[in-house]
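It should be emphasised that the depicted structure is a prediction, and the values quoted were computed from it without experimental measurement. When a ligand or atom number is given, it counts from 1 through the structure's own listing order.
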Amino acid sequence: MNTIELIRKKRDKESLSKEEIKFLISSYTKNKIPDYQFSSFLMAVFLNGMNSEETSFLTEAMLYSGKVINLDFLKGKKVDKHSTGGVGDKTSLIIAPVAAAAGVYVPMISGRGLGHTGGTLDKLDAIPGFKTNLSLKEYKSVLKKCGAVLVGQTKEIAPADKLIYSLRDVTGTVESIPLITASIMSKKLAEGINGLVLDIKTGSGAFMRKEKDTLLLAESLIRTAKSFGKKVIGFVTDMNQPLGNYIGNWLEVYESVLVLKGESEGDLKELSLALSGAMIFLGGKASSIDEGIKLSQRLIDNGLAYKKFLEIVELQGGDTNFIRNPEKYPKSKIIERIFAPNNGYLETINNFEIGMAALELGAGRLTKDDIIDPKAGIIFKLKIGDFVKKGTEIAELHSSSQLKIEKAKEKIYNSIMLNPNPIKKPKLIKKII
Ligand code: URA
């Protein structure tokens, strides 16, 4: 097969066969197609899309680029959750220990930050010593010991996604339904899970901004998961403002720990409980999502969820001292607060810009080779619908350089709109499918 011919075919809006897709994925994974040609193929898919058959072929090719893990040695259901990505979206750090504390196995394979969104792996890397690149043997051993494990794709597990994900991140090819579907599903299907909870984000900080596109993505993800025989529950949730208040890798670990210790209420906790509730239901440890939510709350109240988190961190080599004593974690060189220029109700936030401001501060990558500053980020103090007086604190910015702070400041000021009239707060969970 000829790579250029296949790029042309997709460029000209033709469908690709299973063999053609398999050829492209396997050749790229084996380093036989250079980045510039594969980027061109990705852009053709981004612009012209793929039908549901091609999307399934792509998922299958990416899935079988590596091993499919067999977890049959564990008695009990294995359930995972995946989010399509957002700003301040740290629920994985909360729900993995909660569901594991309820007796559900959570074999989680996550990604790094993509575009303006954060990634679970980058957050875990902020915990000194935490290893996310476990071997398959270590992965199984941690999962068996404590019921949850949090790792990234390896050469063994969905290697095609590992490569394609970072290429998409820097070639403007992230926001594509077939590419997102195959990326998420190839990782998730490789885990050997029985059930999957999907958090499909919609709004200015999501890859799908319009609800119509989000529902198409939800449909594509659910159809693909089902075609591989998995039980799946999809939540369509709001991403028009940061989830929780903390954005940036260590800052998000810190906020997750607050929720796990029962010391933080609000949207982050609400969504985390709903997602873990659904995982516990799919895992057979509750008779409904509502029962699962109640159990999740109890596991936070009685300290077992927090204890489980410490266990995971310890088993994966992380230093639990910083989790127990977060005040010991190094602070950014510069911490600057910014204030509201006028009175008014917070009407809209351009959440994409908030994500980009966090990247600018050092919390993410602007190029493939950028190194993340785990301390950098934003504590965003407001929620849509809040009344702010002139001079009210909007956010606290953490970075290593004044120049980065200045750039982020401008983005944040430009991203918020105040209205003199009261504004209704947006609904967090828009739909459960
Ligand atoms: N999350 C993923 O794992 N892949 C995507 O493409 C987008 C979000």
Side-chain angles (χ1 to χ4, degrees), residues 25 28 38-39 41-43 45-46 49-50 54-56 58-63 65-66 80-93 95-96 107-124 132 150-154 157-191 193 196-203 205-209 213-214 216-222 224-225 228 230 232 234-237 239 243 252 275 351-352 355 359 364-365 368:
I25 297 303
Y28 182 63
F38 205 76
S39 305
F41 168 68
L42 290 173
M43 187 54 83
V45 173
F46 179 94
M50 277 184 155
E54 289 176 290
T55 306
S56 263
L58 182 64
T59 305
E60 199 176 319
M62 286 169 64
L63 166 64
S65 67
D80 195 8
K81 179 273 338 184
H82 197 83
S83 156
T84 56
V87 179
D89 179 8
K90 54 198 80 71
T91 61
S92 290
L93 304 187
I95 55 150
M108 191 177 270
I109 300 179
S110 309
R112 300 211 168 270
L114 190 62
H116 65 286
T117 69
T120 302
L121 291 187
D122 296 327
K123 297 173 215 228
L124 293 169
T132 53
L150 299 151
V151 295
Q153 300 105 293
T154 62
I157 306 159
D161 182 56
K162 189 177 161 77
L163 295 168
I164 297 171
Y165 197 87
S166 49
L167 189 62
R168 283 170 58 215
D169 193 19
V170 292
T171 53
T173 51
V174 172
E175 305 90 337
S176 150
I177 289 178
L179 296 180
I180 296 177
T181 302
S183 162
I184 291 179
M185 284 305 157
S186 62
K187 284 193 285 276
K188 299 289 126 176
L189 296 167
E191 289 173 352
I193 45 172
L196 179 63
V197 173
L198 291 166
D199 181 6
I200 306 140
K201 304 276 185 204
T202 190
F207 292 127
M208 297 295 136
R209 292 176 175 219
D213 295 334
T214 312
L216 288 176
L217 175 61
E219 213 173 81
S220 169
L221 287 164
I222 290 170
T224 310
F228 284 88
K230 306 297 169 199
V232 54
F235 288 75
V236 176
T237 70
M239 198 13 87
L243 185 62
E252 294 193 40
L275 297 172
N351 207 14
F352 169 81
L359 250 66
R365 295 175 197 80
K368 203 171 159 183

A.B. asks: Could you check whether any side-chain N or O of Asp122 sits under 3.5 Å from a backbone N or O of Gly113, counting only pairs where one atom can act as donor and the other as acceptor?
C.D. replies: yes
A.B. asks: Rounded to the nearest 0.5 Å, what separates atom CE in Met108 from atom OG1 in Thr120?
C.D. replies: 6.5 Å
A.B. asks: Atom 8 (C) of ligand 1: which protein heavy atom is closest, and how many Å away?
C.D. replies: Thr84 O, 3.4 Å
A.B. asks: Say whether Lys187, considering both its backbone and side-chain N or O atoms, lies within less than 3.5 Å of an N or O atom on ligand 1.
C.D. replies: yes
A.B. asks: More than 12 foreign heavy atoms under 6.0 Å from NZ of Lys230: is that the case here?
C.D. replies: yes
A.B. asks: With a 3.5 Å distance limit and no angle check, can you tell me whether Asn351 reaches the backbone of Met239 through a side-chain donor-acceptor pair?
C.D. replies: yes
A.B. asks: List the closest protein heavy-atom neighbour of atom 7 (C) of ligand 1: residue, atom name, distance to the nearest 0.1 Å.
C.D. replies: Leu114 CD2, 3.6 Å
A.B. asks: Do Ser183 and ligand 1 have an N or O pair less than 3.5 Å apart?
C.D. replies: yes
A.B. asks: May I ask you to identify the nearest protein heavy atom to atom 1 (N) of ligand 1, giving residue, atom name and distance to one decimal place in Å?
C.D. replies: His82 NE2, 3.4 Å
A.B. asks: Distance under 4.0 Å to a non-hydrogen atom of Arg168: what atoms of ligand 1 satisfy this?
C.D. replies: 5 (C), 6 (O)
A.B. asks: Does a donor on one side chain and an acceptor on the other come within less than 3.5 Å for Thr181 and Ser220?
C.D. replies: yes
